[in-house]
Engineer: 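Structure in structure tokens, see below.
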Number of protein chains: 2
Amino acid sequence: MIALEGVGRTFTVGGSPVHALVDVALAVRAGDYLSIMGPSGSGKSTLLNVLGLLDRPNAGRYLLDGREVGTLNDTEQAAVRLHQFGFVFQFFHLVPRMTAAQNVGLPLTLAGVPAPQRQERVAQALAACGLADRAGHRPDQLSGGQRQRVAIARATIMNPQVILADEPTGNLDRASGEQVVGILEDLNRRGMTLIVVTHDPAVGERAQRRIHMDDGRISADHAR
Amino acid sequence: MIALEGVGRTFTVGGSPVHALVDVALAVRAGDYLSIMGPSGSGKSTLLNVLGLLDRPNAGRYLLDGREVGTLNDTEQAAVRLHQFGFVFQFFHLVPRMTAAQNVGLPLTLAGVPAPQRQERVAQALAACGLADRAGHRPDQLSGGQRQRVAIARATIMNPQVILADEPTGNLDRASGEQVVGILEDLNRRGMTLIVVTHDPAVGERAQRRIHMDDGRISADHAR
Ligand SMILES: Nc1ncnc2c1ncn2[C@@H]1O[C@H](COP(=O)(O)OP(=O)(O)OP(=O)(O)O)[C@@H](O)[C@H]1O
Ligand SMILES: Nc1ncnc2c1ncn2[C@@H]1O[C@H](COP(=O)(O)OP(=O)(O)OP(=O)(O)O)[C@@H](O)[C@H]1O
Ligand SMILES: [Mg+2]
Ligand SMILES: [Mg+2]
């Protein structure tokens with residue numbers, strides 16, 4: 001389903017290059033459950049952004065269901081992304097002027113789902129994350145971990161084929177973290193492909209397949 | 001040095017109140033090392049914001065070196081804050097258009113420290129956090145954990161009397177996290193008061209004194 005071959009991503013700052021991804025090869029099948037771990041700055045978020053079509057590699061190929069997507073233009077990328085990927089960002093990226101409920105329902109609004117159906121699905125998603133009583137709060141009226149859970153509810157509400165979660169438990173206490181991992185694993189059991197970047201070994205070791213990165217390269221790839 | 005008596009903080013959203021802090025009493029002596037732990041939404045960040053004079057309680061008293069500071073106006077609060085507190089925010093709050101070096105040096109710039117001295121202290125602080133080769137990067141050109149370390153370097157550069165660190169290791173791998181905790185503990189050994197909010201028990205248990213919060217209240221306060 002997902003095939004990366006010889007992927008490279010180099011950033012240039014003030015003339016000096018930063019090799020964020022170097023010669024990355026990765027094959028993922030539909031329904032797989034992967035974790036990506038590695039030191040700060042090793043390229044995990046950059047890899048997730050390339051997979052989620054939020055960034056383009058400078059080298060190599062990215063085949064999604066056999067189709068080359070690494071070289072699509074912005075509009076084409078956005079179309080593929082909207083229907084295939086749910087993204088949990090490392091820093092949430094919630095819309096500041098919208099309430100928790102409006103943020104969670106935003107993908108449904110963009111997809112044209114009628115209001116009654118949308119409200120029902122949003123209420124369910126917020127309840128599952130323990131945030132029913134914060135539905136009317138804006139992001140600046142929520143704690144760090146509450147914002148993170150709103151971001152997770154938003155990423156899962158469209159039942160995407162692939163969820164890319166970047167540090168989904170970084171701001172959560174143990175109980176909330178386990179609740180969130182439980183929601184993601186439940187979606188994976190129902191067939192969704194799940195790729196989780198994490199610093200927490202307790203989260204990373206739950207995955208069926210564990211990838212380790214160092215200095216932009218995949219240094220280990222273990223299946224259980 | 002710090003004395004909170006009967007402190008309360010209630011937020012009102014759409015008419016319904018959220019009691020973020022309820023009847024909080026806390027005494028901290030100069031040079032203490034405290035950790036604050038508790039579930040997501042239990043009031044940890046709100047307590048830190050009140051201590052750092054970034055927010056005001058609705059009830060109770062806040063005495064800093066015997067002086068009531070809970071009712072100061074914004075200008076007075078800012079003056080006390082600039083010279084007494086270093087703040088590591090849960091989401092860093094770096095200035096987007098400034099480089100890592102400019103962000104770290106900002107408190108020194110505001111305090112009127114001459115450029116040669118400032119550059120030397122900034123270079124030292126960045127090297128201590130392992131970011132010497134990212135000095136010219138802006139926040140959007142840094143990884144999550146690299147931004148977090150820039151925020152920590154900025155909070156410590158003025159050698160404040162008190163460091164309030166909100167989740168300082170949430171986005172860091174184990175090695176970087178230990179490096180950061182090491183920097184903070186080193187400053188504490190030299191007399192700085194250190195208050196760390198964390199979800200990571202491995203970090204929380206290093207403190208001399210451990211406070212636990214639940215639903216806006218201090219539910220436990222253990223000294224080793
Ligand atoms: N837009 C950018 N411009 C320049 N350099 C960048 C950019 N984005 C990332 N980098 C650099 O690329 C490297 C990889 O960054 P990335 O965000 O992928 O790391 P990461 O593994 O997610 O780290 P963390 O665990 O700290 O979040 C880092 O050294 C970073 O400084
Ligand atoms: N500006 C605000 N307006 C309304 N409610 C708020 C505001 N800030 C915080 N709250 C609410 O107050 C409670 C405490 O929030 P706080 O940010 O202190 O929690 P926390 O312990 O830091 O949580 P986390 O571990 O998730 O960061 C939460 O339930 C939150 O929804
Ligand atoms: Mg990252
Ligand atoms: Mg918080």
Side-chain angles (χ1 to χ4, degrees), chain A residues 11-16 18 20 37-46 49 89-92 94 99-100 129-131 133-149 166-167 169-177 179-180 197-202 204 212-214 216, chain B residues 11-16 18 20 37-46 48-49 89-92 94 99-100 129-131 133-149 166-167 169-177 179-180 197-202 204 212-214:
Chain A
F11 297 109
T12 313
V13 178
S16 55
V18 174
M37 302 185 68
S40 174
S42 56
K44 304 179 300 296
S45 294
T46 304
N49 291 342
F89 293 93
Q90 192 166 0
F91 299 107
F92 319 153
L94 297 177
T99 65
C129 283
L131 289 176
D133 58 352
R134 294 285 180 274
H137 284 228
R138 289 189 321 264
D140 62 344
Q141 297 172 324
L142 294 170
S143 80
Q146 291 169 341
R147 286 176 218 164
Q148 188 156 31
R149 283 176 279 164
D166 201 344
E167 298 287 346
T169 63
N171 274 280
L172 296 178
D173 59 283
R174 183 145 305 208
S176 304
Q179 190 182 28
V180 157
V197 165
T198 183
H199 283 306
D200 185 347
H212 197 87
M213 292 191 73
D214 278 297
Chain B
F11 297 109
T12 312
V13 178
S16 54
V18 174
M37 303 185 66
S40 174
S42 56
K44 303 178 300 296
S45 294
T46 304
L48 228 60
N49 292 341
F89 292 93
Q90 192 166 0
F91 298 107
F92 320 153
L94 297 176
T99 64
C129 283
L131 288 175
D133 58 350
R134 294 285 181 274
H137 284 227
R138 290 189 322 263
D140 63 344
Q141 298 173 323
L142 295 170
S143 81
Q146 291 169 343
R147 285 176 220 163
Q148 187 155 34
R149 283 176 279 163
D166 201 345
E167 299 288 347
T169 63
N171 274 281
L172 297 178
D173 60 283
R174 183 147 304 214
S176 305
Q179 190 183 26
V180 158
V197 166
T198 183
H199 282 307
D200 184 346
H212 197 87
M213 291 191 72
D214 278 296

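Proteins get letters first, then strands, A, B, ... in listed order; numbering begins at 1 in each.
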Engineer: Please flag which part of B:Q141 lies under 4.5 Å from any non-hydrogen atom of chain A: side chain, backbone, both or neither.
Structural biologist: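 Side chain only.
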Engineer: Go through the atoms of B:S176 and report whether side chain, backbone, both or neither lie under 4.5 Å from a heavy atom of chain A.
Structural biologist: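 Only the side chain of B:S176 comes within 4.5 Å of chain A.
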Engineer: CG of B:L172 to CD of B:Q179: how many Å apart, nearest 0.5 Å?
Structural biologist: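 If we round to the nearest 0.5 Å, B:L172:CG and B:Q179:CD are 9.0 Å apart.
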Engineer: Select, from A:R147, A:R174, A:M37, the one with the greatest count of heavy-atom pairs under 4.5 Å involving chain B.
Structural biologist: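 So the answer, after comparing A:R147, A:R174, A:M37, is A:R147.
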Engineer: Is it the case that A:N171 and B:E167 place a side-chain donor and acceptor less than 3.5 Å from each other?
Structural biologist: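 Side-chain D/A pair, A:N171 to B:E167: absent.
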Engineer: Which bit of B:F91 comes within less than 4.5 Å of chain A, counting heavy atoms only: side chain, backbone, both or neither?
Structural biologist: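 Contact with chain A involves the side chain of B:F91 alone.
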Engineer: What part of B:R149 is in contact with chain A, defined as an atom under 4.5 angstrom from a non-hydrogen atom: side chain, backbone, both or neither?
Structural biologist: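 Just its side chain gets close to chain A.
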Engineer: Do B:S16 side-chain atoms and B:V13 backbone N/O form a donor-acceptor pair below 3.5 Å?
Structural biologist: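 Flag set: sc B:S16 to bb B:V13 pair under 3.5 Å.
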Engineer: Go through B:G177, B:G170, B:G144 and name the one with the most non-hydrogen pairs under 4.5 angstrom from chain A.
Structural biologist: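 Between B:G177, B:G170, B:G144, the count favours B:G144.
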Engineer: Who passes side-chain hydrogen bond (donor to acceptor under 3.5 Å, both in side chains) against B:D214, sequence neighbours left out?
Structural biologist: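 Residues passing side-chain hydrogen bond (donor to acceptor under 3.5 Å, both in side chains) with B:D214: B:S219.
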Engineer: Please classify the contact between B:S40 and chain A as side chain, backbone, both or neither, with a heavy-atom cut-off of under 4.5 Å.
Structural biologist: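 Both parts, backbone and side chain.
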Engineer: To the nearest 0.5 Å, tell me how far A:T99 OG1 sits from A:L142 CG.
Structural biologist: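 Those atoms lie 9.5 Å apart.
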Engineer: Using a cut-off of under 4.5 Å on heavy-atom pairs, state which of A:A20, A:S143, A:P201, A:G14 scores highest against chain B.
Structural biologist: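 Heavy-atom pairs under 4.5 Å are most numerous for A:S143.
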Engineer: Could I get the full list of ring pair (Phe, Tyr, Trp, His ring centres under 6.0 Å) partners for B:F89, not counting sequence neighbours?
Structural biologist: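 Listed in chain order: B:F87, B:H93.
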